[in-house]
Amino acid sequence: MRTVTVINYGRSNLLSVRRALEHCGAAVRLAQTPAELAGAEKLVLPGVGAFADGMAGLEAAGLVEPIRAMARRGVPLLGICLGMQMLLEESDESDTGAPCPGLGLIPGRVQAIPARDTAGAKLPVPNIGWRPLAPAGGRADFSGTPFSSVQPGDEFYFVHGYSAHPARLQDALATAAYGGHNLCAAVWHGSILGTQFHPEKSAAPGLALVQAFVDL
Amino acid sequence: MRLGRAGGEVKAVQKIRLIARLDVKDHNLVKGIQYEGLRKLGDPHDFALRYYEQGIDELLYLDTVASLYGRNNLSDILARTSADVFIPVTAGGGVRSAADAEALLRAGADKVAVNTAAIARPALITEIARAFGSQCMVLSVQAKRRDAQNPAAGWEAYCDNGREHTGLDVLDWVCRAQALGAGEILLTSVDCEGVGKGMDIPLYEAVCARADVPVIAAGGAGCAADVAGAARAGASAAAVGSLLHYGRATVAGLKEELAQMGVEVRR
């Protein structure tokens, strides 16, 4: 049975992620400590809530350096929602006013979603709802990527107040428009994948992505 | 994206999320009329699974008697739902503390809805938002017209399932709650709830003009045109109960009608 290790640092919808992985045939292990992380074949970094709080949770558990080291070694890593945002270098979502550092595995930063749409009308934030994906990073479609099961226009469930701005064009795998803004919906570099949306909450198209990760 | 006008502010009309609202008493799906006279309809999980398979966008479980008895019975139902329903789930009813919220989140909810306890102690909103993120903190507002015939007289917030009035003005309360950390507003019209004779559209217009966070319109959806009206008023989502539970509409049928009316939905 394929084993997936889910990083458990107290800031996630762990059960939903676990159930989706199990539905896709994975044996799920939870890792709260560096020792439990060691030897993992595949890692999922879930996350909901605020960026600074999420990073503080990883730091308190001593998981920041082990996650960085494993990702750099090529252990497949899937970051979901806040877990994707933490893959980047830093976020404006912080209590101190200064940007909060992230894991730094994908160059770029995380910034607030504008409170106006591109026509100047008021836009509710957070962005909550199902949004269609479009290929990004100069791609015409998702073939040859971890999203090969996705047809452009397939809808996924988002809930976020901040969005990622990867520095390298090719690291942006998908965007999803909200109020006319093309928000980053997924990042991908080598064995590192991040989804701003919740595949575990996105019905059949989401489960297909979870399945692809389990089957890697 | 089309534009609508609400309270003087030009607002974008969002693609509407269709939410199945499941009121639960003990282990039964129930449905009341204006929160009174509850009728048992069956196992809530059976309904949830059916709506999921039909393409509902989200689920909302509310324990209807929890705040009366100070407890919440949803954990078992949430655990069953999380095993075979892979869409967002909000749970509420009797949430009095961050620990209560955590118990629902651990059982499989993605968000928690809070009403009575937040009115009694608004700091609870901030505590839940800090601990789990504001996207988890749904403020449930039960709004009743001060004058049934005249929306200009405004709305008062109620608690304990529309039984107790609080003296709070709905617009003031929503603005205060979002400043405290509420990430979404579940806005139920007490006047229209369960009657199925239409929604209080002026309520959604008034609140959406002031709210910066998404608003879920609830109470009284009797047909697709009601949901379309809520979308045009600025609501990001609409919660539908009786219409689905009594088989007067299907999820797919509602979405088809909404699309024909020019309201974007997930297909």
Side-chain angles (χ1 to χ4, degrees), chain A residues 10-20 22-24 47-51 53-54 81-82 93 95 115-132 153-162 177-180 197-208 210, chain B residues 1 3-6 9-18 52-53 55-58 78-79 81-89 102 105-111 129-136 138 178 183-185 208-216 234-237 264-267:
Chain A
R11 271 88 167 168
S12 75
N13 57 339
L14 196 68
L15 185 76
S16 296
V17 172
R18 174 176 202 146
R19 290 280 187 263
E22 288 170 348
H23 183 83
C24 294
V48 296
F51 191 99
D53 188 51
C81 196
L82 176 63
E93 187 183 14
D95 294 333
R116 299 264 155 191
D117 71 10
T118 47
K122 185 167 150 181
L123 190 64
V125 176
N127 169 25
I128 303 181
W130 298 74
R131 314 283 173 226
D154 282 355
E155 294 170 70
F156 294 83
Y157 181 74
F158 289 80
V159 46
H160 61 132
Y162 286 74
Y178 182 57
F197 57 86
H198 286 275
E200 78 283 7
K201 288 284 162 185
S202 295
L207 291 173
V210 175
Chain B
M1 185 171 295
L3 296 178
R5 189 167 286 273
E9 168 105 38
V10 175
K11 292 199 61 154
V13 176
Q14 301 301 314
K15 173 157 76 181
I16 196 120
R17 268 177 293 145
L18 206 57
Y52 170 62
E53 286 165 350
I56 199 79
D57 296 326
E58 199 166 323
L78 287 168
T81 300
S82 69
D84 52 16
V85 173
F86 299 99
I87 53 172
V89 177
E102 187 174 12
L105 296 171
R106 279 186 188 280
D110 301 289
K111 311 183 235 185
R130 282 244 171 90
F132 312 109
S134 61
Q135 83 293 330
C136 271
V138 181
Q178 68 188 11
E184 205 171 4
I185 309 292
C208 292
R210 298 279 295 276
D212 300 319
V213 298
V215 171
I216 303 166
S236 300
E264 263 193 280
V265 288
R266 175 174 77 103
R267 304 306 289 270

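All chains are named by letter (A, B, ...) in the order of the sequence lines, taking the proteins before the strands, and each is independently numbered beginning at 1.
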Toward chain A, the part of [X] with a non-hydrogen atom under 4.5 Å:
| X | result |
| --- | --- |
| B:E184 | side chain |
| B:A107 | backbone |
| B:S82 | both |
| B:R266 | both |

Exercise. Which one of A:I128, A:L14, A:V159 has the most heavy-atom pairs closer than 4.5 Å to chain B?
Worked result: A:I128
For this session: Heavy atoms only, distances under 4.5 angstrom: which of A:P132, A:A20, A:G206 has the most pairs with chain B? Name it, please.
Result: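 Most heavy-atom pairs under 4.5 Å with chain B: A:A20.
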Quick one: closest heavy-atom pair of [X] and [Y], and the distance?
| X | Y | value |
| --- | --- | --- |
| B:I87 | A:A203 | CG2-CB, 4.2 Å |
| B:F132 | A:V48 | O-CG2, 4.0 Å |
| A:P124 | B:S236 | CG-OG, 4.1 Å |
| B:Y52 | A:A204 | OH-N, 4.3 Å |

Is the shortest heavy-atom distance from the side chain of [X] to the side chain of [Y] under 4.5 Å?
| X | Y | value |
| --- | --- | --- |
| B:D84 | A:H23 | no |
| A:H198 | B:D110 | no |
| B:Q135 | A:L82 | no |

Exercise. Atom NZ in B:K15, atom CZ in A:R131: separation rounded to 0.5 Å?
Worked result: 6.0 Å
Exercise. Under 3.5 Å, is there a donor-acceptor pair between the side chain of A:K122 and the main chain of B:A209?
Worked result: yes
Exercise. With respect to chain A, which residue among B:G55, B:A83, B:A131 yields the maximal number of heavy-atom pairs within a distance under 4.5 Å?
Worked result: B:A83
For this session: Evaluate whether atom CZ of B:R267 has more than 12 neighbouring non-hydrogen atoms of other residues, nucleotides or ligands under 6.0 angstrom away.
Result: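 For B:R267, atom CZ is crowded (more than 12 foreign heavy atoms under 6.0 Å).
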